[in-house]
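Take a look at the structure below.
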Amino acid sequence: MKIQIITVGKLKEKYLKQGIAEYTKRLGAYCNIEEIEVADEKAPENLSEADMQIVKQKEGERILSKIAPDTHVITLEINGKQLTSEQLAKEIDKLATYGKSKIAFVIGGSLGLSDEVLKRSDFGLSFSKMTFPHQLMKLILVEQVYRSFRIIRNEPYHK
């Protein structure tokens, strides 16, 4: 299975990089994992609604350019469906069983995802109704993907 984690913006914090690197290394035993960072659009704090849409559109074009047509896309969205770790593991296992061996998890920038990316999404996933920094979300995501593979294989870790 090939898993892409596509994020907007460059990860800066050393402690987050270390955590992500640890789980990415662990995931190597279960899948081929690729981290893709696309550039974020520079934007001042007080943007108009129209300017926000332009920023999201430009970031969305960068995201979509990294996704192959045969990839199953899971977008992280505050209004997505909330799953338990076991349910996420079941979804990943089901995708592998039915021939969807390429999965892309997409984490948008600070303004969220463009309509075009949301239309391309096969599943909207929410980890919480709370808002998290997207760099921290990447760490939480790779840990949950690792946990999913441990659950799928009935290996200790997830309790």
Single-linkage hydrophobic cluster, 4.5 Å side-chain cutoff, [X] and [Y] together:
{"X": "F127", "Y": "V142", "answer": "yes"}
{"X": "M130", "Y": "I78", "answer": "no"}
{"X": "M1", "Y": "Y23", "answer": "yes"}
{"X": "L95", "Y": "Y98", "answer": "no"}
{"X": "L16", "Y": "V106", "answer": "no"}

- request: Take I103 and F105, measure what side-chain contact (heavy atoms from CB on, under 4.5 Å) needs, and give me the verdict at the end.
  value: CA-CA 7 Å; I103 302 172; F105 288 93; 3.8 Å; yes
Smallest separation among heavy atoms of [X] and [Y], with atom names:
{"X": "G80", "Y": "S126", "result": "O-CB, 3.4 Å"}
{"X": "L11", "Y": "K17", "result": "O-CE, 3.0 Å"}
{"X": "R120", "Y": "T71", "result": "NH2-O, 2.9 Å"}
{"X": "A89", "Y": "I152", "result": "O-CD1, 3.4 Å"}
{"X": "Q144", "Y": "S85", "result": "OE1-OG, 2.6 Å"}

query: Between E61 and K58, is there a side-chain N and carboxylate O pair less than 4.0 Å apart?
result: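 K58 and E61: not salt-bridged.
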message: Check this for me, if you would: do E22 and R26 make a salt bridge, where the nitrogen-to-carboxylate-oxygen distance has to be below 4.0 angstrom?
response: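 Salt bridge flag = yes for R26 with E22.
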query: How far apart are the C-alpha atoms of K138 and E37, what are their side-chain angles, what is the distance that settles it, and do they pass the side-chain contact (heavy atoms from CB on, under 4.5 Å) test?
result: CA-CA 11 Å; K138 185 175 179 180; E37 293 177 341; 3.7 Å; yes
Nearest 0.5 Å please: distance from the [atom1] atom of [X] over to the [atom2] atom of [Y].
{"X": "L83", "Y": "I74", "atom1": "CG", "atom2": "CD1", "value": "9.0 Å"}
{"X": "E143", "Y": "T24", "atom1": "CD", "atom2": "OG1", "value": "12.0 Å"}
{"X": "M52", "Y": "L111", "atom1": "CE", "atom2": "CG", "value": "6.0 Å"}
{"X": "I3", "Y": "K102", "atom1": "CD1", "atom2": "NZ", "value": "13.5 Å"}
{"X": "L125", "Y": "Q82", "atom1": "CG", "atom2": "CD", "value": "9.0 Å"}
{"X": "S121", "Y": "L76", "atom1": "OG", "atom2": "CG", "value": "9.5 Å"}

field: Worked verdict on K119 versus E116 for salt bridge (charged side-chain N to carboxylate O under 4.0 Å, His left out)
entry: CA-CA 5 Å; K119 284 180 192 139; E116 293 79 16; 5.4 Å; no
message: If you apply the rule side-chain contact (heavy atoms from CB on, under 4.5 Å), what do you find for I20 with I5, and how did you get there?
response: CA-CA 11 Å; I20 291 165; I5 298 181; over 6 Å; no
- request: For Q57 and Q53, run side-chain hydrogen bond (donor to acceptor under 3.5 Å, both in side chains): C-alpha distance rounded to whole Å, both residues' side-chain angles, the deciding distance at 0.1 Å, then the answer.
  value: CA-CA 6 Å; Q57 183 185 2; Q53 293 305 320; over 6 Å; no
task: Evaluate side-chain contact (heavy atoms from CB on, under 4.5 Å) for F149 paired with I92, printing each intermediate quantity in order.
output: CA-CA 8 Å; F149 280 105; I92 291 172; 4.2 Å; yes
- prompt: In chain order, what residues pass the side chain to side chain donor-acceptor pair (under 3.5 Å) check against N46, with sequence neighbours excluded?
  reply: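 Expected list: none.
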- request: Going by the side-chain contact (heavy atoms from CB on, under 4.5 Å) test, name the single residue among I63, I67, I6, L64 that passes it with V73.
  value: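 Result: among I63, I67, I6, L64, I67 is the only option passing the side-chain contact (heavy atoms from CB on, under 4.5 Å) with V73.
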task: Go through the structure and list residues passing side chain to side chain contact (heavy atoms under 4.5 Å, CB included) with E34, not counting sequence neighbours.
output: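 Scan of E34 (side chain to side chain contact (heavy atoms under 4.5 Å, CB included), adjacent residues dropped) gives K2, Q4, I36.
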message: Can a donor-acceptor pair be found, under 3.5 Å and without considering hydrogens, that links the side chain of E59 to the backbone of E41?
response: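 Here the side-chain-to-backbone pair exists.
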- request: Verify, without hydrogens or angle tests, whether H134 (side chain) and V8 (backbone) share a donor-acceptor contact under 3.5 angstrom.
  value: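 Yes: the side chain of H134 pairs with the backbone of V8.
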field: Within 6.0 Å of NZ in K10, more than 12 heavy atoms from elsewhere
entry: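 Atom NZ in K10 is not packed in, count stays at 12 or less.
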